Structure formats: structure tokens, C-alpha cells
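Nothing here was measured: the structure is a model prediction, and the numbers come from that model.
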Amino acid sequence: MSNIWDDIRRAVEQSKETLRAADDVTADMIRLAAPRLRSVDASDWRNRDALKAMKKQLRDFDMVTGKWKD
């Protein structure tokens, strides 16, 4: 019989692994998408909202230091 806490620990570890994989995929997507941003149809509200959200996040990135601001 398995202990519920062991199941929870396994689930947490699986979640951490999933987040690490998502971060890796995000980095790959950024490298692919960045040069293509100007080709996005900004007249489509879904694309426009996504571009606005991306720009809002990037405001906190310092290009000189290469670090995120707190």
C-alpha cells in the first residue's frame, strides 16, 4: 500500500520536471519567434493582445545587464 505523502512527493517532482521542460521549450520558441515578430498580423486582436502581453513582460528585462528587474 502506498503512502499518500509519497504520491504527493512524486506529483510535486513530476510538476517540477514539467515546468523545467516548459522553460526549455519557451527558450526555444523565443529564439524561433523573435526574428518573426514583425510578420505577426497585429490587426487580429488575439495577436495584438499577445504582443502587448509580451511587451509588458519585456519592460522588466534590462538589456544592458541581461537580467530581469525585481
Side-chain angles (χ1 to χ4, degrees):
M1 180 180 280
S2 91
N3 181 333
I4 186 70
W5 295 110
D6 291 336
D7 294 341
I8 291 171
R9 283 185 194 94
R10 276 193 295 278
V12 169
E13 286 305 314
Q14 186 177 14
S15 296
K16 288 178 184 178
E17 186 177 319
T18 299
L19 290 173
R20 280 190 294 273
D23 290 345
D24 289 345
V25 170
T26 300
D28 291 342
M29 288 189 312
I30 289 293
R31 284 189 288 278
L32 289 170
R36 305 290 309 147
L37 287 176
R38 289 183 181 263
S39 69
V40 173
D41 179 9
S43 66
D44 182 326
W45 66 270
R46 294 167 299 188
N47 294 342
R48 189 170 47 248
D49 286 351
L51 288 168
K52 286 170 27 178
M54 186 178 290
K55 184 167 182 162
K56 185 176 180 180
Q57 288 295 317
L58 288 171
R59 283 189 198 127
D60 292 335
F61 182 72
D62 187 326
M63 292 188 331
V64 175
T65 64
K67 296 180 180 178
W68 292 97
K69 299 174 189 171
D70 292 330

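Atoms CG and CG, on N47 and L37 in that order, are 10.5 Å from each other to the nearest 0.5 Å. With rounding to the nearest 0.5 angstrom, the NZ atom of K69 is 5.5 Å from the CG atom of D62.
If you chain together hydrophobic residues whose side chains sit under 4.5 Å apart, V12 and I4 fall into the same group. Follow the hydrophobic side-chain contacts under 4.5 Å out from F61 and you never reach I30; the two are in separate clusters.
Under the side-chain hydrogen bond (donor to acceptor under 3.5 Å, both in side chains) criterion, the residue pairs touching residues 20-29 are D28-R31, with sequence neighbours excluded.
Using a cutoff of 4.0 Å between basic side-chain nitrogens and carboxylate oxygens, D6 and R9 are scored as salt-bridged.
Scanning both residues, V40 and L51, for their nearest heavy atoms gives CG1-CD1, 4.0 Å.
Between L19 and K16 the shortest side-chain heavy-atom distance does not fall below 4.5 Å.
Enclosure of atom CH2 in W5 is not indicated, since only 12 or fewer non-hydrogen atoms of other residues, nucleotides or ligands lie within 6.0 angstrom.
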